[in-house]
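Worksheet for the structure shown next.
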2 protein chains.
Amino acid sequence: MQSVTEASDSPLTERQRDVLDAALGLLVEAGDTLTMTSVARRASCSKETLYKWFGDRDGLLTATVQWQASKVRGIPAKRDGLDLISLTSGLERFASDWLRVLSGKISVALNRIAVSHAGSDKRDLGAIVLENGPFAMARRLMPLLEVGREAGLLAFEDTEEAFRTFFGLVVRDVQIRLLLGDRFELTDVAIDGEARRATQQFFALYGAYTNGAG
Amino acid sequence: MQSVTEASDSPLTERQRDVLDAALGLLVEAGDTLTMTSVARRASCSKETLYKWFGDRDGLLTATVQWQASKVRGIPAKRDGLDLISLTSGLERFASDWLRVLSGKISVALNRIAVSHAGSDKRDLGAIVLENGPFAMARRLMPLLEVGREAGLLAFEDTEEAFRTFFGLVVRDVQIRLLLGDRFELTDVAIDGEARRATQQFFALYGAYTNGAG
DNA sequence: CTTTTGCCGTACCGTACGTTACGGTTCGGT
DNA sequence: ACCGAACCGTAACGTACGGTACGGCAAAAG
């Protein structure tokens, strides 16, 4: 027996991971209208166990979001961006991956939960999603941008500023429209096209061989 | 007596508007955790009246969102963008206004509500917010962009494509961070700076005097 | 074999809240 | 002055759901 709600680095039994996967599935299907009873039934476990492991409903939600975050985390960006070709393809692949994750059902569902719980005095799911969403993207991308700058391929003063512009060029209105329930068809080829366009526009703004209008 | 839930263009009594303002205030303060009782108390009306006018809780929420939308709607964009100066200032003012609305408490609250209700089978608040948010922005801005193109100041093929890029350059990660509860200080001068940067970058991408990389 | 532990299944409790019902009050119409 | 409609305030109902208690079982510990 171990309560997961205390320290953030509890090792999580395989059974617990199964339970969280069940909760994740229900979260995607039903949003935060999921009930403790439904989670228990889906996971074939008792409600008592849920409460023993996760404390309360909010603890279960938090653990579920963290569990998904731990799955996505750790796709390291390759730092081989020394020439223009590899930097370009690195940015493109980055944008492509990001859009793919962003438009996935799980991401949409989790962002919905976090948004609707933000501003509450409970455990802040928003902070977790923020940390594993935009902030994680920044942590992974900004080193790549700086490598590009040191290689003389990019020109900017504020790295965060450059990153946020890249973010805007990649995501545009896609995420908010998805969150607001707009039916959106975003095929894989469309995503790749978006990534290519965003990268191209980013180079038009921050490429060292054009104007360095940072 | 008139039920507002049926036709979308019910004229709304002044008393009803007062009630919706009260609901709006509670929505900003408490999110969708507001109760029918609290709305009745704040508006000094009976719950029976709430149900007679708006049908049910969801109808009240919908009416409230529509009421706020009807307040924001109808700030027409001036179509005087014939020379570069006025086009630039038009875009800047547009971006500035948009960021100001976007970062306001009411906008954040309403987007939160709409996001958390999206994907539900109830009346779609997401569609309303979408219609009065990004889509309204598009309807107002795209004509201005086309005027700029016809005046030879901008170069692009797909107007919607150009608009969405402008959207991305203006909003970047601001909205999602606000929705996720990130404490964010966005002063008026900062907003004006953002608007200026976005406009400048947009001209760098779509200005006719540079490359027309649409 | 006995004890302990951990968990399942289920019944149960308390409460919050959406919704309805009803008596009392205001107010415009005649 | 009278009537009826609209509305206020509040009490009451029904229910869904978070949280708890408890009996039974299987497996590990002793």
Side-chain angles (χ1 to χ4, degrees), chain A residues 1-6 10-27 29-65 113 116-117 120-123 125, chain B residues 1-6 10-27 29-65 67 112-113 116-117 120-123 125:
Chain A
M1 192 266 322
Q2 50 191 347
S3 176
V4 184
T5 61
E6 312 300 337
S10 302
L12 278 186
T13 311
E14 177 165 350
R15 183 82 182 100
Q16 288 174 332
R17 277 179 270 139
D18 289 345
V19 170
L20 292 183
D21 275 329
L24 199 55
L26 281 175
L27 225 51
E29 294 173 19
D32 64 353
T33 65
L34 92 173
T35 64
M36 299 297 279
T37 305
S38 70
V39 174
R41 196 168 42 228
R42 172 76 62 102
S44 295
C45 75
S46 71
K47 287 169 67 175
E48 187 181 25
T49 302
L50 291 183
Y51 284 101
K52 189 184 297 181
W53 283 348
F54 307 109
D56 56 1
R57 193 186 123 93
D58 208 57
L60 173 63
L61 257 57
T62 306
T64 305
V65 172
I113 308 291
S116 52
H117 279 227
S120 165
D121 49 356
K122 307 207 162 195
R123 290 182 197 76
L125 298 180
Chain B
M1 187 265 326
Q2 49 190 348
S3 176
V4 186
T5 61
E6 311 300 334
S10 302
L12 277 187
T13 311
E14 177 164 351
R15 182 81 182 98
Q16 287 174 334
R17 275 179 270 139
D18 288 346
V19 170
L20 291 183
D21 275 329
L24 200 55
L26 281 174
L27 223 51
E29 294 172 19
D32 64 351
T33 66
L34 93 172
T35 64
M36 298 298 279
T37 305
S38 70
V39 174
R41 196 167 43 229
R42 171 77 62 101
S44 294
C45 74
S46 72
K47 290 167 72 173
E48 187 182 24
T49 301
L50 290 184
Y51 283 99
K52 190 185 296 181
W53 284 349
F54 307 107
D56 57 0
R57 189 178 125 85
D58 209 55
L60 173 63
L61 257 57
T62 305
T64 305
V65 172
W67 164 233
R112 287 231 180 96
I113 308 291
S116 51
H117 279 229
S120 167
D121 50 356
K122 307 206 166 200
R123 291 184 197 75
L125 299 180

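In what follows, every chain begins at residue 1, and chains take the letters A, B, ... in the order their sequences are listed. Nothing here was measured: the structure is a model prediction, and the numbers come from that model.
- Put simply, CG on B/L61 is 14 Å from P on C/dC17, counting in whole angstrom units.
- Heavy-atom nearest nucleotides on DNA chain D were determined for A/Y51 and for B/C45, and the one closer to the 5' end corresponds to B/C45.
- Looking at which nucleotide of DNA chain C each of B/K47 and A/S46 is closest to, the 5′-most match is held by A/S46.
- Proximity of a side-chain donor or acceptor of B/T13 to a complementary backbone N or O of B/Q16 within less than 3.5 Å is not detected.
- Using a 4.0 Å heavy-atom cutoff across all strands shown, A/S44 reaches sugar-phosphate atoms only and no base atom.
- Taking atom CD on A/E48 and atom P on D/dC25, their separation rounds to 17 Å, with Å as the unit.
- Straight-line distance from the CG atom of A/D18 to the P atom of C/dC7: 13 Å, rounded to whole Å.
- A/V39 pairs in a side chain to side chain contact (heavy atoms under 4.5 Å, CB included) with only one of the listed residues (A/L61, A/L26, A/L27), which is A/L26.
- Rounded to whole angstrom, the span from the CG atom of B/L50 across to the P atom of C/dT20 amounts to 12 Å.
- Annotation: side chain of B/S116 is not in contact with side chain of A/D32 (no heavy-atom distance under 4.5 Å).
- Taking only side-chain nitrogens and oxygens, A/W53 never comes nearer than 4.0 Å to OP1 or OP2 of C/dG6.
- Going from atom CZ of B/R57 over to atom C1' of C/dT20 covers 17 Å, rounded to whole Å.
- B/R41 comes within contact range of no nucleotide atom at all, as no heavy-atom separation falls under 4.0 Å.
- Residue B/R15 places its side chain closer to D/dC8 than to any other of D/dC17, D/dC8, D/dG19.
- A heavy-atom distance below 4.5 Å is not found between the side chains of A/K47 and A/R41.
- For D/dC7, the OP1/OP2 oxygens have no side-chain nitrogen or oxygen of B/T49 closer than 4.0 Å.
- At least one side-chain heavy atom of A/F54 sits less than 4.5 Å from a side-chain heavy atom of A/L20.
- Rounded to a whole Å, the CE atom of A/M36 is 16 Å from the C1' atom of C/dT10.
- Between the CG atom of A/L60 and the P atom of D/dG19 there is a distance of 10 Å, given to the nearest Å.
- Taking atom NZ of residue A/K52 and atom C1' of nucleotide D/dC22, one finds them 13 Å apart after rounding to whole Å.
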